[in-house]
Number of protein chains: 2
Amino acid sequence: MPAPQRAPTLADVARVADVSRATASRVLANNGYAAAHTRDRVTAAAEKLGYQPDPAARALVRGTGVRLVTVVHGTSPRVLEDPYVDQVVGAAARVCAPHGVGVALHWLPTRDLAQLRQLGEQRGVSGLILVNTTPAVLAAVPPTLRGRVASLGVGSPVVASFDIDNGGGTTALVEHLYATGRRRIAMISGSSWLPCAGRSVRAYRGVLRAAGLPPRLVRGDFTAGRGRAAAREVLARWPDTDAIVGASDVTSFGVLSGLLRDGVQVPGDIAVTGFDDTPLAAMTNPSLTTSTHPVAGIATAAVTAVLNGNAILPQTLFPSRPVHRMSG
Amino acid sequence: MPAPQRAPTLADVARVADVSRATASRVLANNGYAAAHTRDRVTAAAEKLGYQPDPAARALVRGTGVRLVTVVHGTSPRVLEDPYVDQVVGAAARVCAPHGVGVALHWLPTRDLAQLRQLGEQRGVSGLILVNTTPAVLAAVPPTLRGRVASLGVGSPVVASFDIDNGGGTTALVEHLYATGRRRIAMISGSSWLPCAGRSVRAYRGVLRAAGLPPRLVRGDFTAGRGRAAAREVLARWPDTDAIVGASDVTSFGVLSGLLRDGVQVPGDIAVTGFDDTPLAAMTNPSLTTSTHPVAGIATAAVTAVLNGNAILPQTLFPSRPVHRMSG
DNA sequence: CACACCCCTGAGAACGTTCTCATTGCAAAC
DNA sequence: GTTTGCAATGAGAACGTTCTCAGGGGTGTG
C-alpha cells in the first residue's frame with residue numbers, strides 16, 4: 001500500500017540520512033556543528049523527501065510568533081485604502097511567506113493608541129510593522145515588544161526604523177516647479193501629526209524661503225476628498241496660485257479632480273505634483289508628476305529587521321526620486 | 001519577586017481554576033462535555049489571567065496551518081496592484097487575525113499553474129483563497145487541499161466558491177446607458193480566460209441583442225494601460241461610438257485617460273462606466289459611473305469557509321449594484 | 001603514553017496545545 | 001439491588017521542532 005500521504009517530518013529526514021533528529025535539525029536550521037559529509041547526507045535526504053519544516057512547530061519551540069502584524073496608524077480606517085499602504089503590506093506578505101509567517105493587517109485609531117498594547121499582548125505575534133508612525137505611537141509600544149518592532153514614518157533609536165526621504169523628494173519637486181517658472185507655489189500637506197508630513201512641509205518652506213517667496217500652506221490628510229477641498233481653499237485664498245504640491249498621490253488625485261471640475265487647466269493654469277508614484281499616477285489626466293520610492297525594498301528591510309529580532313536596530317533613509325510627467 | 005512576565009498558558013488557567021489541562025481545554029475550545037460550574041470557573045480564570053491560546057501550539061497539534069495563502073491568478077504580477085485585489089486581501093487579513101492566522105499573498109502566473117501544487121505542499125498552510133479563479137486553476141489544485149480552498153471568480157461544486165454577479169451588474173449598467181440614449185455602446189472586456197469576464201461579455205451582448213444593436217467588443221486585461229489602448233482601438237474601428245463599458249474600474253481609468261487625452265468629451269461625446277467601485281472611482285474627472293460590490297463580505301465569507309474546513313461547500317453569488325456618477 | 005582540546009553526534013527534555021482513553025459518579029431502567 | 005448508560009473529569013500521549021547536555025572520537029602537545 002502507498003504511504004498515507006503524510007507530510008515528511010524532520011524524523012523522516014533523519015531516518016533516511018541515518019542520523020539523529022538533533023543532527024538533522026542542526027544541519028537544516030544551519031546552527032551548530034556538522035561534518036561536511038553528514039551535512040550532505042541530510043540535505044540530500046531533505047531534498048529527496050521534499051521536506052518542509054513545519055512553521056507551527058518551529059514557532060512553538062522557538063517561542064517566536066507565527067504572524068506579523070502590520071499596524072497602520074491614522075484617524076480613519078480609510079488609510080487602509082491608500083495604495084501606498086497596500087503596496088507596503090503586499091510586499092511584507094511576500095517577504096514573510098518563505099519564513100512561514102503570515103501578515104495581519106490592523107488599523108490603529110489615533111484616538112485609541114492603547115489598542116497597540118492589546119495587539120502586542122496577543123500570542124503568536126512575531127512582531128509589529130508600524131506604518132505612519134508618530135512619536136506618540138512609539139511611546140505606546142509596550143516594552144515587551146521592544147526589538148520586534150519596525151517603524152515606517154519616524155526615526156527612533158529604540159526600534160528599527162525605515163523612512164522615506166520626504167525632505168529631499170519634496171525639495172526636488174518644488175525646485176523643479178520653480179525651475180519651470182512657477183512662482184506662486186502652494187502646498188497641501190499631509191496629516192499634521194505625521195512626522196513625514198512635517199518633513200515635507202519644512203522642505204517646501206525651505207525652498208520657497210531660499211527663493212524669497214511666501215509659503216501658501218493648506219492642511220490635508222492624505223485622502224482624495226480632502227485634497228479636492230483643500231485645492232479649492234487654496235484658490236479661494238490665493239487665486240493667482242500657479243502650482244500645487246500634494247503630500248501624496250491620493251491627495252493630488254483629489255486636487256486634479258477639484259481643479260479640472262472647476263475648469264482650471266492643468267498644467268496650463270496650475271501645475272500639480274503628487275508623492276509616492278502609485279500605479280494610477282500615470283493614468284490621470286494629465287498624468288501626475290510625482291516622486292517614486294522603493295516601497296518593496298522598504299517593506300523587505302522592515303520585515304527582515306523584525307524577523308531577525310532585536311540584535312540590530314538599523315535606521316535607514318530611503319531615497320525619493322522625482323518622476324516627471326504631464327501635470328507639472 | 002514578581003513573576004518573570006511569561007504569557008499565561010493553559011496550564012496556568014487550569015491551576016487557577018483547579019481543574020486539569022484537559023478540562024480547561026475542553027471549556028475554552030468549547031468542545032466536549034463540561035459542567036456549568038466548571039465552565040464558569042475556567043472562563044473566570046482565563047479572564048483573570050488574560051489568557052490567550054498560542055496559535056502555534058494549537059496549529060501544531062490540530063495539524064491545521066498557521067497562515068492562509070491568498071493566491072491571485074493573472075498573467076503579470078501587476079494584478080496585485082489592482083485595488084479590488086487589495087480590498088479582498090485586506091479584508092481577509094482582518095478576518096483572520098482573531099484566529100491567530102496570518103495571510104500570505106501570492107501571485108500565480110498563468111504560465112505556471114504548477115506553482116499551486118508547491119504552495120499547497122508547503123507546511124503550515126491552512127488554506128487557499130483563489131482570486132481570479134479559472135477552471136484551469138481549479139483543476140491544478142492538488143487533491144490534498146480539497147476542502148481548504150475558496151474560489152473567487154468561478155463557481156464549482158468541489159470547492160467553496162464566492163462570486164460576484166457580473167452578469168447582473170453589467171446588464172444594469174448597459175441598460176442604464178441605453179436608457180440614457182446611448183445606442184453605439186462598446187465594451188472593453190476583461191482577460192478572456194476569466195469566467196467572470198465572460199459573464200460580463202455575455203450580459204453585454206444580451207442587452208444589445210435584445211435592443212437590436214450590434215456589439216462592439218475589444219479585449220482588455222483589467223489594466224489601465226490596456227484600457228487606454230483599447231479605447232483608442234474602439235474609436236479607430238467604430239468612430240461613432242457613444243459609450244464604453246469597461247470591465248473594471250482600473251480599465252476605465254485607462255479609458256478615461258485615453259479619451260480625455262485625445263480631446264474626447266466624457267460623457268458629452270462618449271459615456272464611460274467601470275466595475276468594482278474602487279475608492280478612486282469618485283475622484284476621476286468626470287467621476288466614474290460603476291457598479292459596487294460587498295468586497296469585505298465576500299472576503300469574510302471565503303475566509304470563514306476555509307477556516308471552518310471541508311464540511312460545507314457553499315456557493316454564493318454576491319450582488320452587483322450600479323453607482324451612478326458623472327461619466328455615464 | 002597521557003592529557004587537553006575541539007569537532008561532532010545522539011538522547012531526551014522542553015514548547016503549549018488537543019485528543020484518546022480510562023475512570024468516576026449518578027440517575028434511570030430492569 | 002444490580003445493571004446500563006451517560007455526563008464529567010483526569011492522566012498522559014501525541015504533534016514536529018529546537019536546544020541543552022553529556023559524551024565519543026579524533027588530533028596535537030607535553
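Throughout, a chain's letter reflects where its sequence line sits, starting with A, and its residues are numbered from 1.
To the nearest 0.5 Å, atoms CG (L49(A)) and CD (E47(A)) are separated by 10.0 Å. Here S76(B) contributes atom OG and E81(B) contributes atom CD; the two are 7.5 Å apart, rounded to the nearest 0.5 Å. Considering CH2 of W107(A) and OG1 of T75(A), their distance stands at 8.0 Å, rounded to 0.5 Å. One finds the SG atom of C196(A) at 6.5 Å from the CG atom of N132(A) (value rounded to the nearest 0.5 Å).
For the pair R58(A) CZ and dC15(D) P, the computed distance is 19 Å after rounding to whole Å. Look at CG on L60(B): it is 9 Å from P on dT17(D), rounded to the nearest Å. Distance D12(B) CG to dG16(C) C1': 10 Å, rounded to the nearest Å. Residue D54(B) contributes atom CG, which lies 13 Å from atom C1' of dT17(D) at whole-angstrom precision. One interatomic measurement links the two molecules: CG of N30(B) to C1' of dT17(C), which rounds to 16 Å at whole-angstrom precision. R21(B) has its CZ atom 10 Å from the C1' atom of dT18(C), to the nearest Å. Between L28(A) atom CG and dT18(D) atom P there is a gap of 8 Å when expressed in whole angstrom units. Rounded to an integer number of Å, the gap from CZ of R123(B) to C1' of dT17(D) is 10 Å.
Set against dG12(C), dC8(C), dG10(D), the side chain of R26(B) has dG10(D) as its closest nucleotide. When the nucleotides dG16(C), dA11(D), dC15(C) are ranked by their closest atom to the side chain of A57(B), dG16(C) comes out on top. In the set dT17(C), dG16(C), dT9(C), dT17(C) carries the atom at the smallest distance from any side-chain atom of L10(B). Of the candidates dC15(D), dT9(D), dA13(D), the closest approach to any side-chain atom of V61(B) belongs to dC15(D). Here the nucleotide nearest the side chain of V19(B), chosen from dG10(D), dT17(C), dT9(C), is dG10(D). Across dA8(D), dT17(D), dC15(C), the shortest atom-to-atom separation from the side chain of Y33(B) is found for dA8(D). Each of dT17(D), dT17(C), dA8(D) was ranked by its minimum atom distance to the side chain of T9(A); first place goes to dT17(D). Ranking dT17(C), dA8(D), dC19(D) by closeness to the R62(A) side chain, first place goes to dC19(D).
Place Q52(A) and S20(B) on DNA chain D by their nearest nucleotides, and S20(B) ends up nearer the 5' end. Each of S25(A) and H37(B) lies near DNA chain D, and the nucleotide nearest H37(B) is the one positioned closer to the 5' end.
Overall, the helix from dC1(C)-dG30(D) to dC30(C)-dG1(D) carries an axis bend of 50° between its ends, with five pairs at each end and the value rounded to 10°.
A pairwise comparison of heavy atoms in V27(A) and A34(A) identifies CG2-CB, 3.9 Å as the closest pair. What you find for P195(B) and W193(B) is that their closest heavy atoms are CD-O, 3.5 Å. For the pair A93(A) and V103(B), the tightest heavy-atom approach, listed with the atom from each and the gap, is CB-O, 4.1 Å. The two residues P294(B) and F318(B) come nearest to each other via the heavy atoms CG-CD2, 3.8 Å.
Contact between the side-chain N/O atoms of N31(A) and the OP1/OP2 oxygens of dC19(D) is found at a separation under 4.0 Å. For T23(A) and dG10(C), the shortest distance from a side-chain N or O to OP1 or OP2 is below 4.0 Å.
Nucleic acid contact class of A34(A) (heavy atoms, under 4.0 Å, all strands): sugar-phosphate only. Contacts of A22(A) with the nucleic acid, taken as non-hydrogen atoms under 4.0 Å apart, include base atoms.
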